[in-house]
Number of protein chains: 2
Amino acid sequence: MTNASTTATCSQCTQRDVCFPVDLEPSQRVRLDQLSIRRIRIKRGEHLFRDGDAFKALFTVRSGFFKTGLATETGHEQVTGFQMAGEMLGLDGIVTERHMGSAVALEDSEVCAIPYTRLAELSRELPAMQQHLHKAMSREIVREHQMMLLLGSMRAQERLATFLLNLVKRLHARGFSESELVLRMTRAEIGSYLGMKLETVSRLFSRLTQEGILTVHQRHVCIADAGRLLGHESQAAIH
Amino acid sequence: MTNASTTATCSQCTQRDVCFPVDLEPSQRVRLDQLSIRRIRIKRGEHLFRDGDAFKALFTVRSGFFKTGLATETGHEQVTGFQMAGEMLGLDGIVTERHMGSAVALEDSEVCAIPYTRLAELSRELPAMQQHLHKAMSREIVREHQMMLLLGSMRAQERLATFLLNLVKRLHARGFSESELVLRMTRAEIGSYLGMKLETVSRLFSRLTQEGILTVHQRHVCIADAGRLLGHESQAAIH
DNA sequence: CGGGCGATTGACTTTCGTCAACGCGTGTGG
DNA sequence: CCACACGCGTTGACGAAAGTCAATCGCCCG
């Protein structure tokens, strides 16, 4: 990794609660500094880790935006997730001690690298930390079950609608609008994530715009009618 | 839960290594008995847990076969996995302390229920146990990434082929044939898991049979040509 | 032996993918 | 500062894949 990095002081970090449990005693907080967490800056387009890299650390996003994905032997790429501030990356590496996929920054970003071995040690000493880590993994499992539901049983338009509403919900929780968003990823990346082709994504945006449900200008999307975005017919649709 | 159950003595269990790390010292093995693990028998068709149930324990399958799934508000059911002996269920419950899906036995089965709180305690004391638990969760995350790849980028026939080969591989690792298997689930359940309709599953079985790649009699499947099952054209396919 | 669930098969429809052409914007280099 | 080029996005025509609806079959269990 050739990126700028500095050692962080978590006990004084303003975003600490996104990485770690909030209910630590002050005396326990200083323990976080022993984790040797490093802050790493990643420029847009660069890899945070690649498929097959040795697994040494988990990452939490401080700022910016990432995609994770994996590739088949045939060269096809599948996007498995998009991560924004406060979200964790790298959990897939624990089992084999190698990353089983790659992570790429979709805009200039900053992450905290948490050395896994030290995190494991600390979570043996602090039950709250252990619980936090277990929940992060469990949350990821639940999220992926929901993705299986989406990919396995929804139509393309429902998938896109669900995706947009999920994105805007996560952005809203971070203080952004609950109806407007700027997509950090291409149509092809959205399509890969949602199991459809980029042309289908584009056509759906057009259709939803024509129906007055969305306003789309390039990557800027405004959700005009969240109700109708998910099949709620509201009243008679005037064709 | 109204099923027969007994308290297990893990230190003497012949299947211990499927639940727990093999490299425990004898002095540490007896600690397993303090977990108050219970063996539970579940009859075919019964629930091990249901969506929304309080989460108290993780489960490992001792014998039998399970499906896990979740349901949408619209009543649609999505199968999220099939589990056989040695595999773990319930990890989705950690994050909210409620199960986020259900688990149903597809044949008469027996599981070990591992009280989560005690397991967490023990894994704070035994690093090998902690590592084992983390790996189980990470493995589940990796598995689901691969399911996203399958659902998002493969055609129906590739999905079914991948599924059958995965099943037979897991069965083979347990001492069964590497070319024959008995499906414990219906066509509808396979279809739900693989993101297709039961008619499509049935048609694919018929097509693969006609092509001499499979032999299918009800739920008994014999893989005649594993190479061709995954697009390997071998030589000229004689149509 | 009979009933019912599960599986198969057919005909038709719909959705989405494929291939191709074109347009728009952004960023870069002359 | 402008022009151009390339990546990204849009749109259309067509075709292939899978879904839907429906009828029938057959196995298994009671």
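Per chain, numbering begins at 1; letters A, B, ... match sequence-line order.
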Could you tell me the separation between the CD atom of Gln157(A) and the P atom of dC16(C), rounded to a whole number of Å?
-> 9 Å

Residues in side chain to side chain donor-acceptor pair (under 3.5 Å) contact with Glu107(A), at least two apart in sequence or another chain | Arg184(A)

Determine yes or no for a side-chain-to-main-chain donor-acceptor pair under 3.5 angstrom, with Arg174(A) supplying the side chain and Arg170(A) the backbone.
-> yes

Does a salt bridge link Lys135(B) with Glu97(A), judged by any charged N lying under 4.0 Å from a carboxylate O?
-> yes

May I have the distance from Leu160(A) (atom CG) to dG9(D) (atom P), rounded to whole angstrom?
-> 13 Å

Between CZ of Arg207(B) and P of dA16(D) the distance, given in whole Å, is 13 Å

Contacts of Thr68(B) that satisfy side-chain contact (heavy atoms from CB on, under 4.5 Å) - sequence neighbours left out = Thr80(B), Gln83(B), Leu89(B), Ala103(B)

Could you state the NZ-P distance from Lys197(A) to dT10(D), rounded to the nearest angstrom?
-> 17 Å

For nucleotides 6-14 of chain C, 5' to 3', base contacts (B), sugar-phosphate-only contacts (S) and non-contacts (-) with protein non-hydrogen atoms under 4.0 Å give SSBBBB---

The residue, Arg44(B) or Arg159(B), whose nearest nucleotide of DNA chain D is more 5′ is Arg159(B)

Donor-acceptor pair, Ser192(A) side chain versus Val79(A) backbone, under 3.5 Å?
-> yes

Of the residues in residues 77-84 of chain B, which ones touch DNA chain C at a heavy-atom distance under 4.0 Å?
-> none

Rounded to the nearest Å, what distance is computed from the NE2 atom of residue His220(A) to the C1' atom of nucleotide dC24(C)?
-> 18 Å

Over 12 non-hydrogen atoms of neighbours within 6.0 angstrom of CD in Glu178(A) | no

Whole angstrom value for the distance that separates P of dC16(C) from CG of Leu194(A) = 12 Å

Residue pairs fulfilling salt bridge (charged side-chain N to carboxylate O under 4.0 Å, His left out) with at least one residue in residues 190-210 of chain B, sequence neighbours excluded | none

Just how far, in rounded Å, is P of dT10(D) from CE of Met196(A)?
-> 14 Å

Between Ser102(B) (side chain) and Arg50(B) (backbone), is there a donor-acceptor pair under 3.5 Å?
-> no

Whole-Å distance between dA17(D) C1' and Met154(B) CE?
-> 17 Å

With sequence neighbours excluded, give me every ring pair (Phe, Tyr, Trp, His ring centres under 6.0 Å) pair touching residues 182-211 of chain A.
-> Phe82(A)-Tyr193(A), Phe163(A)-Tyr193(A)

